[in-house]
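Since the structure comes first, as structure tokens, the remarks are kept for the end.
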Amino acid sequence: MTSVTSRRQAATSASASRHRDSRLDNAKFLLIVLVVIGHAIEPIRGTLVADAVYMWIYSFHMPAFIVISGYLSKSFDASPRRVEKLVLGVAVPYLVFWGLHVVLALLLHRQVPDSPLEPAWTLWFLVALFVWRLSVPVWQRLRWPLATAVGVSLAAAFVELENVLGLGRLLSLLPFFVLGLLMRPEHLDLLHRRWVRVLAVLTVAASAVVAVPAARYLEFEWFFWRSSLVDRDIDPLGVGLLLRLGCMLAALALTAALLALAPRRTTVFTGLGAYTLYVYLGHSPVLRIAEHFGWYELADGAVGVGVNAVLGVALALLLCLPWVRVALRPLVEPDASWVLRRDRLAARRADAERSRS
């Protein structure tokens with residue numbers, strides 16, 4: 001019986017591996033590296049090089065990540081099993097790391113979030129992902145889901161939402177999640193045509209060039225997707241709205257370019273795309289500690305951009321190592337089944353037993 005079970009588990013694992021999309025895993029790892037690099041160079045903004053690199057990364061890295069998240073959320077049907085997985089895999093780690101950020105802020109004498117309803121630094125994404133996934137059945141039932149999501153995003157630009165649940169970003173970036181929901185495998189296949197890939201290279205190159213003057217004349221806040229248009233020194237219904245739409249289109253173009261250029265084959269980094277949550281949650285405390293102890297006084301300016309970018313890549317790779325994941329698992333994937341109702345927990349165990357028999 002044991003050998004039969006082992007063979008079934010191995011077959012299930014192999015089947016899951018075959019059904020993973022290598023290009024998405026490759027893209028996810030590239031994007032999480034850009035997340036770490038962006039946060040690693042954030043404290044040394046102020047030079048043209050640092051500002052241009054930072055603005056280029058922020059112009060698309062989270063929208064692209066959100067498109068992929070939407071694409072991978074198609075199967076969410078709000079069933080009890082899916083909701084439980086969402087609670088245990090997203091909500092519980094959020095609370096764990098929110099508490100960790102509070103402790104770290106107290107130790108490092110930084111501003112402490114007022115309550116768990118105020119996401120600490122990078123944790124806004126977990127709140128947004130939780131809400132977006134709960135809303136999947138709604139978007140799948142609407143006749144014009146993308147147009148509706150864009151309308152919600154633009155409407156959010158005219159309301160001061162503060163930082164409660166990260167609502168500014170949650171609503172502003174909603175169209176990218178809905179776009180991912182609407183995408184199908186054949187859409188991804190279109191991106192790998194030769195002429196599209198050539199256009200993608202030109203798009204990335206052009207965006208890198210444009211980032212230099214953009215860093216001089218545009219506020220970074222445009223690419224944080226969190227602030228209202230009404231409290232800025234700009235006409236919200238004129239230039240403000242056009243800039244918001246321009247940022248959306250730029251993010252969409254660079255997201256398409258990234259997916260077009262992401263390798264379709266299995267690479268040395270493909271497997272690491274499954275551990276992006278470890279990198280996303282694990283890198284921010286490290287960077288906070290490094291900043292507190294004066295690292296950025298040693299590595300700033302143009303040289304600092306290169307050094308911190310390299311170290312950002314190294315940190316992302318480090319957080320993917322098996323022994324690091326084992327150490328972080330109680331925080332990133334805590335055993336929180338005790339928060340579930342006992343009848344639901346028993347049903348889950350019964351389903352697991354039936355699947356193994």
Any side-chain heavy-atom pair of Phe125 and Val90 under 4.5 Å: no
CA sep, side-chain torsions, deciding dist, call: Phe220, Tyr54, ring-ring contact (aromatic ring centres under 6.0 Å, His included): CA-CA 9 Å; Phe220 290 112; Tyr54 187 82; 5.3 Å; yes
Between CG on residue Asp25 and CG on residue Leu30, distance to nearest 0.5 Å: 12.5 Å
Between CG on residue Leu24 and CG on residue Leu188, distance to nearest 0.5 Å: 6.0 Å
Flag side-chain contact, heavy atom, 4.5 Å: Arg264 against Asp189: yes
Min side-chain heavy-atom separation Ser227-Trp222 under 4.5 Å: no
Side chain proximity check, Phe223 to Ile57, heavy atoms < 4.5 angstrom: no
Phe60: which of Leu34, Val204, Val67 passes side-chain contact (heavy atoms from CB on, under 4.5 Å): Leu34
Side chains of Leu179 and Leu252 in contact at under 4.5 Å (non-hydrogen atoms): yes
Validation row: Val83, Phe76 side chains within 4.5 angstrom (heavy atoms): yes
Distance, nearest 0.5 Å, that separates OG1 of Thr203 from CZ of Arg197: 13.0 Å
Distance-only side-chain donor-acceptor flag, Thr267 / Asn26, under 3.5 Å: yes
Side-chain donor-acceptor pair present, Trp56, Ser207, cut-off under 3.5 Å: yes
Nearest-0.5 Å distance, CZ of residue Arg325 to SG of residue Cys320: 7.0 Å
4.5 Å side-chain heavy-atom contact, Leu86 and Phe130: yes
His283 and His39 aromatic ring geometry - parallel, tilted or perpendicular at 30°/60° bounds: parallel
Test item: Trp124 and Arg226 side chains (from C-beta on) under 4.5 Å apart, heavy atoms: no
From Asn308 atom CG to Ile44 atom CD1, the distance as rounded to the nearest 0.5 Å: 4.5 Å
